[in-house]
Asker: 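Shown below is the structure under consideration.
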Amino acid sequence: MAKDYKDTLLMMKTNFEMRGNLPQKEPLVQQKWNEMDLYHQILKRNEHKPYYVLHDGPPYANGNIHIGHALNKILKDFVVRYKNMSGFKVPYIPGWDTHGLPIETALTKAGVNRKELTPSEFRRKCEEYALQQVENQKMQFKRLGVIGDWENPYITLQHDYEAWQIKVFAKMVSRGLIYKGVKPVYWSWSSESALAEAEIEYMDKKSPSIYVTFDVIDPKNVLNGDEKFIIWTTTPWTIPANLAISVHPKLEYAVVQTSVAKYVVAHELVEKLAKELNWENVSVTKVIKGQDLEFVKCKHPFYDRESVVILGEHVTAEATGCVHTAPGHGEDDFIVGKKYNLGVLCPVDEQGKLTKESVYFEGLHVDDANKAVCKMLEEKGALLKLTFITHSYPHDWRTKKPIIFRVTPQWFASIDALKDTMMKEVKSVNWLPNWGDTRLGNMIKDRNDWCISRQRVWGIPIPVFYAENDEEILDEKVINHIAELFAEHGSNIWFEWEAKDLLPVGFTHPSSPNNKFRKETDIMDVWFDSGSSHHSVLVNRGLPYPADLYLEGSDQYRGWFNSSLSTGVAMTDHAPYKNVVSHGFVLDGEGRKMSKSLGNVIDPLKIINTSGADILRLWVASVDYQSDVRISDDLMKQLSESYRKIRNTFRFLLGNLFDFDVTKDTVKYEDLGEVDKYVLIKLNEVTKEVLNAYEHFAFDIVYRTINNYISQFLSSFYLDFTKDILYIEKADSRARRNIQTVFYENLMRLAKLLSPLIPHTTDEVYSHCNNQEAASIHLTDMPKVENYANEAEILTKYEKFMTLRNDVLKALEEARNAKVIGKSFNAKLTLYPNKATKELINTLNANLQQIFIVSQFEVKNEVAPENAYQFDNVAVLVENANGHTCARCWQVVETLNEDELCTRCDRVLK
RNA sequence: AUAUCCAUAGCUCAGCUGGUUAGAGCGUCCGUCUGAUAAGCGGAAGGUCAAUGGUUCAAGUCCAUUUGGAUAUACCA
């Protein structure tokens with residue numbers, strides 16, 4: 001029976017638990033951060049360093065956070081934490097977007113009846129609701145481990161935020177960028193209001209389907225003049241607003257002779273139409289390219305008015321290929337009409353009744369107008385066919401009544417005037433991924449002016465007054481005065497106070513001889529809210545403009561990147577950001593979009609409560625976030641494994657440093673063993689790569705580099721063979737202190753390098769270290785890249801050695817399979833190297849027997865025996881070591897003393 | 001429909017300016033240890049690089065088309 005010497009070994013000792021228990025532990029860590037006010041301590045520590053500003057894009061304050069929010073906020077936290085450890089002062093002011101439709105509808109769904117409340121009362125309810133949502137999301141974001149000024153966030157409904165937004169508007173007014181125009185909107189005659197897209201529901205509707213002819217009156221050398229264009233429509237009531245017929249420039253059109261008349265329709269549709277309209281003796285007499293029909297003139301079927309033929313890309317080869325165009329009643333029609341300067345006709349009022357402008361149909365509701373128009377068309381001989389069809393048509397989601405398109409007056413911000421500067425600025429910004437400039441550039445290039453008005457109540461009012469003659473008063477001074485008032489009282493006063501109280505004292509206007517003024521009732525597009533944040537937040541709080549970084553999902557090219565650029569350029573002629581990083585969207589394990597109906601939604605809060613925030617953060621770090629990313633339970637499991645490896649490595653390092661005092665026991669680099677130096681050099685390489693990756697926002701490289709180093713190098717190589725020294729040798733033996741020095745350096749560097757990614761874990765690791773330099777690892781700096789002596793030489797030498805080691809390991813494995821040995825301590829190893837390898841071995845200043853973890857080791861300069869494993873540069877003979885196993889260190893040696901100890905252990909114990 | 005992007009082992013990713021048998025980690029399987037033990041160590045298996053066509057002596061890498069997917073915008077008269 002062997003004696004038990006376990007007590008004489010210097011086994012690892014630590015309270016750092018093997019199991020993370022992150023869902024339980026992380027809240028405690030976060031509580032500690034809270035109590036010590038870590039955020040402000042970090043800023044205080046970096047007080048005199050230069051700013052690095054990551055300006056937060058505000059999420060919409062509604063509902064629980066989803067995985068996309070988590071991805072976004074965690075990425076930002078990586079940057080904030082890294083930069084704060086790298087020589088910068090990095091404030092992070094989280095923000096929320098709080099105005100707009102979703103909150104209005106959330107309240108409506110909760111049973112608040114808007115019609116029973118004054119706008120001001122309703123707005124107060126919205127505000128209350130929004131602030132609740134902010135609190136909820138704030139709690140959830142904090143649980144992700146995101147550090148920031150949570151006590152003092154920016155919220156778009158805050159008074160000073162509103163005030164700055166108005167100032168931005170004032171500046172744009174002063175530059176002449178704000179004007180009033182018209183635009184077709186979804187209009188619900190049943191609720192007499194404009195509707196947002198989200199308030200529309202598609203339902204089946206029975207509509208008339210009519211074919212209408214337009215007589216050519218000016219053939220423009222391409223036609224004869226006796227032809228008729230045929231259009232098709234399901235909304236006869238829009239015929240009074242017809243101003244043009246659109247054809248596609250690339251489509252071919254045919255002149256069709258029938259027994260009754262000559263028609264112009266798309267060539268490829270002739271056959272279909274012949275059947276549909278019961279034509280007889282059909283013959284195509286001419287084929288004309290659409291683009292040649294441009295400016296041919298027709299007569300409106302019942303007005304003494306022209307309807308010109310124009311070209312539109314929106315035209316498709318359906319129905320007749322000739323599209324009835326009423327710019328007042330359709331988005332496409334409006335756009336193409338604008339191109340041709342057709343003007344806009346909209347003879348329909350708020351209730352959906354035709355106006356005097358329509359002459360024959362005044363007072364008729366659109367449904368009745370349909371009949372009247374058809375009758376009129378028939379009388380004029382312009383109606384070829386009338387049937388009824390059922391099709392999907394937009395309806396008001398509340399009243400369930402069909403909606404119409406109708407032009408209404410709206411406020412616009414001119415983008416045209418800013419376009420050149422915007423394009424220039426886009427080029428000067430650093431985009432990551434670098435296709436960002438193409439994408440945003442393309443959008444700006446063909447972007448129309450920005451419609452900034454909404455016919456709603458929950459938002460920042462458009463601070464414009466109307467004089468008695470309805471002239472709009474666009475006066476920078478007046479608007480800035482409103483800004484001052486909003487700063488003090490909030491924007492609700494716009495709805496509560498009289499116009500005269502909102503205007504500067506003694507304000508007069510030539511168009512208001514009686515000093516009467518009317519307030520604009522429209523509010524601003526929420527994109528204007530968040531788009532003003534560079535001033536409402538950065539400038540307002542004394543932070544530098546432009547920000548160093550915007551980091552958002554790729555949907556924000558159209559959204560926040562875009563709106564912020566517009567207002568930023570309007571304010572300063574410069575983009576509000578120097579760098580823009582965008583990330584992709586989170587898809588499920590199969591690459592499908594997450595949706596409630598598919599049931600594939602992954603909830604970040606659930607992951608946090610089952611695995612922990614650091615696991616979720618590790619996921620963010622592990623994926624290529626610049627394109628779309630996937631998440632699944634399987635992936636989470638995989639990351640948990642990976643996390644365990646990291647955690648265990650930290651635990652092992654900590655456990656073997658229990659008796660190490662950095663100030664006293666550290667061994668200088670030049671006094672270390674060669675292998676120890678090699679490990680430090682590798683660690684230095686890792687440091688270099690990781691820091692470089694952080695600089696490029698390449699967190700996946702950070703993760704992978706460290707992960708590979710830890711599992712492939714540190715754990716399997718260095719930590720494995722050094723146990724024989726750490727446990728066995730005397731506590732303060734030189735070899736042991738060497739190793740502990742290297743361990744300590746690894747522990748500190750890896751913990752710091754990983755701190756931005758898994759801050760809870762590294763904080764926990766740090767709190768288990770002896771000799772802490774700061775109250776938290778987050779109050780330390782990133783490790784520096786060292787310049788070690790003979791770095792390159794040692795590195796190349798040992799990299800070669802590692803391939804030799806691979807051969808040895810393989811030979812040991814073969815021997816294990818052949819039952820020659822079990823554990824490697826059973827082995828006697830003999831190497832038969834070729835010349836180069838022999839030279840390599842000779843230059844190694846290391847204990848190879850120890851590194852290979854075998855009991856006996858020999859290098860022979862002769863031909864390898866048959867039973868050796870043959871590799872390219874070496875043959876390896878593995879035999880069962882013969883002798884006796886030391887009861888303490890388990891090595892097989894030739895002789896043991898009477899206490900069953902080898903000479904080494906005997907020496908150590910004495 | 002348009003703009004931009006994505007597609008390499010079961011999973012997450014490498015693969016630079018085209019050049020020998022396409023790499024790594026995780027997972028899987030097998031083995032080993034029992035002094036990191038709900039751990040540690042070792043080995044092995046796994047890929048017609050989304051498809052098709054082209055350029056080239058040579059293509060995962062360049063070009064075109066297609067398919068599937070993502071985001072945004074538009075459209076359904």
Side-chain angles (χ1 to χ4, degrees), chain A residues 5-6 9-12 14 18-19 202 209 231-235 238 246 312-316 318-320 322-326 329-333 335 391-394 405 433 435-436 438-443 445-447 553-559 562 582 584-587 589-593 619 621-624 626-630 632 634-635 637-642 644-645 648-649 651-656 700-701 703-705 707-708 710-712 715-717 719-721 723-724 726-728 806 809-810 812-814 816-817 821-826 853 888-890:
Chain A
Y5 286 100
K6 203 167 169 178
L9 299 177
L10 293 163
M11 302 276 290
M12 56 174 282
T14 179
M18 180 177 261
R19 306 243 310 160
Y202 281 81
S209 155
I231 63 97
W232 174 79
T233 184
T234 54
T235 50
T238 63
S246 300
E313 297 283 338
H314 64 289
V315 175
T316 54
E318 290 164 66
T320 69
C322 305
V323 176
H324 153 55
T325 301
H329 295 299
E331 179 94 35
D332 258 344
D333 298 15
I335 292 165
H391 61 158
S392 159
Y393 190 87
F405 271 100
W435 46 258
T438 324
R439 182 159 174 181
L440 189 56
N442 278 340
M443 278 176 185
K445 225 178 352 194
D446 43 44
R447 186 176 160 188
S554 58
D555 52 338
Q556 299 305 331
Y557 284 101
R558 177 42 78 148
N562 194 339
S582 74
F585 272 67
V586 185
L587 312 174
E590 272 72 53
R592 310 213 151 258
K593 193 200 315 214
W619 165 72
S622 74
V623 297
D624 175 16
Q626 288 173 23
S627 44
D628 292 338
V629 298
R630 297 177 181 201
S632 61
D634 201 47
L635 234 169
K637 222 173 83 193
Q638 188 178 316
L639 283 155
S640 302
E641 294 295 322
S642 167
R644 258 181 28 211
K645 183 75 192 185
N648 256 318
T649 301
R651 178 167 177 272
F652 187 79
L653 292 172
L654 280 170
N656 283 295
D700 54 333
I701 294 181
Y703 167 74
R704 231 171 296 289
T705 304
N707 205 29
N708 276 11
I710 284 182
S711 63
Q712 286 325 105
S715 178
S716 67
F717 171 62
L719 303 192
D720 201 29
F721 84 79
K723 282 183 279 197
D724 183 60
L726 290 167
Y727 299 167
I728 308 299
N806 270 338
L809 289 176
K810 201 162 280 181
L812 287 170
E813 177 66 16
E814 295 285 339
R816 234 188 310 271
N817 289 338
I821 56 164
K823 58 179 168 178
S824 58
F825 261 149
N826 293 143
I853 324 182
R888 184 163 175 276
C889 71
W890 291 348

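What you see is a predicted model; the values in this text were computed from it and never measured. Naming: A, B, ... by sequence-line order, numbering from 1 per chain. Hydrogens, waters and symmetry mates play no part in the numbers below; they use all other heavy atoms, side chains included.
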Asker: May I ask you to check whether A/Thr238 and A/His324 show a side-chain donor-acceptor distance below 3.5 Å?
Answerer: yes
Asker: Is the aromatic ring of A/Tyr727 within stacking range of B/rG35, meaning centres under 5.5 angstrom and planes under 30 degrees?
Answerer: no
Asker: Taking OP1 and OP2 of B/rA72, is either one under 4.0 Å from a side-chain nitrogen or oxygen of A/Gln556?
Answerer: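 A/Gln556 to B/rA72 OP1/OP2: no side-chain N or O under 4.0 Å.
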Asker: Verify the contact: side-chain N or O of A/Lys637 to OP1 or OP2 of B/rC11, cut-off strictly under 4.0 Å; return yes or no.
Answerer: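 No, because none of the side-chain N or O atoms of A/Lys637 sits under 4.0 Å from OP1 or OP2 of B/rC11.
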Asker: Taking the side chain of A/Trp890 as heavy atoms from C-beta outward, which of B/rU34, B/rA38, B/rA77 is closest to it?
Answerer: B/rU34
Asker: Between the side-chain atoms of A/Glu813 and the base atoms of B/rG43, is any donor-acceptor pair under 3.5 Å?
Answerer: no
Asker: Any strand is fair game: report the nucleotide pairing with B/rC33 by Watson-Crick or G-U wobble, both distances under 3.5 Å, or none.
Answerer: none
Asker: For B/rU34 and A/Lys823 - does any side-chain N or O of the residue sit under 4.0 Å from the phosphate oxygens OP1/OP2?
Answerer: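 Yes, within the criterion.
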Asker: Using purine N1 to pyrimidine N3 plus N6-O4 or O6-N4 for Watson-Crick, or N1-O2 and O6-N3 for G-U wobble, each under 3.5 Å, what pairs with B/rA44?
Answerer: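 Partner of B/rA44: B/rU28.
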Asker: Can you find a donor-acceptor pair, distance only, under 3.5 Å between A/Gln638 side chain and B/rC11 base?
Answerer: yes
Asker: OP1, OP2 of B/rU37 versus side-chain N and O of A/Arg651: anything below 4.0 Å?
Answerer: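 Answer is yes, contact under 4.0 Å.
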Asker: Searching all strands shown, indicate the nucleotide that pairs with B/rA1 (Watson-Crick or G-U wobble; both distances under 3.5 Å).
Answerer: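 Result: B/rU73.
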Asker: When you measure from the side chain of A/Asp555, which nucleotide among B/rG69, B/rG42, B/rA72 comes out closest?
Answerer: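 My answer, after comparing the listed nucleotides, is B/rA72.
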Asker: Please determine whether a side-chain nitrogen of the Lys or Arg among A/Asp720 and A/Lys723 lies less than 4.0 Å from a carboxylate oxygen of the Asp or Glu.
Answerer: yes
Asker: Does a side-chain N or O of A/Lys645 approach OP1 or OP2 of B/rC41 to a distance below 4.0 Å, or not?
Answerer: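 Checking A/Lys645 against B/rC41: at least one side-chain N or O falls below 4.0 Å of OP1 or OP2.
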Asker: Name the closest nucleotide to the A/Lys723 side chain, picking from B/rA36, B/rA3, B/rG69.
Answerer: B/rA36
Asker: Does the side chain of A/Tyr393 come under 3.5 Å of the side chain of A/Thr234 through a donor N or O and an acceptor N or O?
Answerer: no
Asker: Using distance alone, with no hydrogens and no angle criterion, decide if A/Ser246 and A/Thr325 have a side-chain donor and acceptor under 3.5 Å apart.
Answerer: yes
Asker: Counting side-chain heavy atoms from CB outward, which of B/rA77, B/rG25, B/rG40 is closest to A/Ser711?
Answerer: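 It is B/rG25.
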Asker: Between A/Lys445 and B/rA3, does any side-chain N or O lie under 4.0 Å from OP1 or OP2?
Answerer: no
Asker: Is a donor-acceptor contact shorter than 3.5 angstrom present between the side chain of A/Arg439 and the base of B/rU71?
Answerer: yes
Asker: For B/rA72, does the base pair up with any side-chain atom of A/Ser554 as donor and acceptor (N or O, under 3.5 Å, distance only)?
Answerer: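 No.
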Asker: Does the structure show a Watson-Crick or G-U wobble partner for B/rA7, both distances under 3.5 Å? Name it, or say none.
Answerer: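 B/rA7 is paired with B/rU67.
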